[in-house]
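To find a chain, count down the sequence lines: A is the first, B the second, and so on, and within it residues start at 1.
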Amino acid sequence: MSEQVLDGPLGVLAELTHACPLSCSYCSNPLELTKRSAELSTDEWRRVLDEAAVLGVLQSHFSGGEPLLRRDLVDLVGHASGLGMYTNLVTSAIGLSRPRAEALRDAGLDHVQVSIQADEPVLSDRLAGISSFEKKIEAARLVKELGWPLTLNVVLHRQNIDRIAAILDWVEELEADRVELANTQYYGWALRNREALLPSREQLEHAETVSRAARERLRGRTDVIYVIPDYYSRYPKPCMGGWGSRQLVVGPEGNAWPCLSAHELPLPRANVREHDLPWIWRSSPLFSAFRGTDWMPDPCRSCDRREVDLGGCRCQAFQLTGDMNRTDPVCVLSPDRYLVDEAVAAANDPAAAPAAGSTREPVLVPMPEVAVRPHRAD
Amino acid sequence: MTDTVPRTGRPALARFVKTRYDKARERQVLLGPETVVTLNPTGADILALCDGQRTVGDIVDELGRRYDRVVDDEVIAFLERLASRRWVVITDE
Ligand code: SF4
Ligand code: SF4
């Protein structure tokens, strides 16, 4: 057994739609959303999956927006499964009815990942922008009942991080097989809401202690994965195994990307309606832009860690400095680190945006209306 | 010492992982939600025998015959690693 690096992309993330019944203020959707009428058709998605298989893709992740809003989801899962891929559904679970879930299981869906916002309805529903908590819990139970392994994704931030113990109680109660407690990454909407979302150092220390204890307690039952926010790290996170090296994302309108956030970068688009996936992967300027280490500026160029973190995140560099070629400002060696330090200082200032439960309401800018909002409660 | 891989235990692949042949890279792989593990030929042979019926002892005997050498440690170490990631479930009653 070895976990050596394989050539070619291993996974494709199919963002079937930008439409979503929720409107989370840390959403990683692009600021400009694809209209439903511009989405790839079923046949186009099938072709994309076929081409991905030719490239050697072994896993397909169906996400969005909310992938359950695509009526052909069962079809597409069945297609990927027929190609021998490991199929994963990333969902808010709103709209996961029993018949739908059974159809997905019959189509060969291997795994379900449910995102939850908090441990109780009021906060959960405020964060998600609609009333959704009970539906999520119900759906998570259904996932287990139908025999799928259940992964819960919790995006942590200033508003919910203090509730981590109670969130983990839900994880235990639902008998989740895995839980990913990931601190918000500050791109897109989350960056606009950063002041209200970035936790303080004290909050983080508490969360780390609690999740470490839970990891021990749940050992053998639930894998507890905790991801710290990189603003509090010395070095940036490596970019998904490298730009254009392990994963690819295909958006609703057929734009292919090396990563989820790259649509913000000033790079030429590559669309599956115009080119096939193998060409996009191997030859497009977009996928070649930051492959390897040749593109690097100093201090990365001469740094010992350049093969470890690959100069960090291009999207973060662009969003914080306006120049996608610079060293990720999270890095302590970056000349731009002060940009991150300022945000961290603000988050630790007692006068900063208060945590949830305090009397002063924090400012959260929710995602704008996308397209269909079938379950809108208000 | 806790014996995580008893010879009488019957290993099976966990529900949420699967193995397949990866044509593009010409190897057998183990696939899970967040993982792709490439298997060497011995690993692939061991997993192919993990059907929930055969015991660890059976697998050791079978592969020992096939390869004409002692494989006890190899099989047990391999299953231990996979069991610790919960990719293989070993029942022993
Ligand atoms: S460029 Fe940034 S957002 Fe994109 S995959 Fe790399 S680390 Fe992630
Ligand atoms: S200078 Fe560049 S390569 Fe070195 S640690 Fe910082 S981001 Fe990584």
| request: Evaluate the side-chain proximity of A:Arg100 to A:Leu68: yes if any heavy-atom separation is below 4.5 Å, no if none is. | output: yes

| task | Can you sort out the partners of B:Lys18 under side-chain hydrogen bond (donor to acceptor under 3.5 Å, both in side chains), two or more places apart, ordered by chain and number? | result | A:Asp110

| said: Please tell me whether A:Thr17 and A:Glu66 have a donor and an acceptor in their side chains that are separated by less than 3.5 angstrom. | reply: no

| request: Test salt bridge (Lys or Arg N to Asp or Glu O under 4.0 Å) on A:Glu216 and A:Arg219 and set out the steps. | output: CA-CA 5 Å; A:Glu216 284 310 313; A:Arg219 191 179 293 288; 2.7 Å; yes

| For A:His61, what residues pass the side-chain hydrogen bond (donor to acceptor under 3.5 Å, both in side chains) criterion, not counting sequence neighbours? | A:Asn88

| said: Which residues in residues 171-179 of chain A have any heavy atom closer than 4.5 Å to a heavy atom of chain B? | reply: A:Asp177, A:Arg178

| task | Using non-hydrogen atoms and a 4.5 Å limit, figure out which bit of A:Gln247 sits close to chain B: side chain, backbone, both or neither. | result | neither

| request: Can you sort out the partners of B:Arg54 under side-chain hydrogen bond (donor to acceptor under 3.5 Å, both in side chains), two or more places apart, ordered by chain and number? | output: B:Asp51

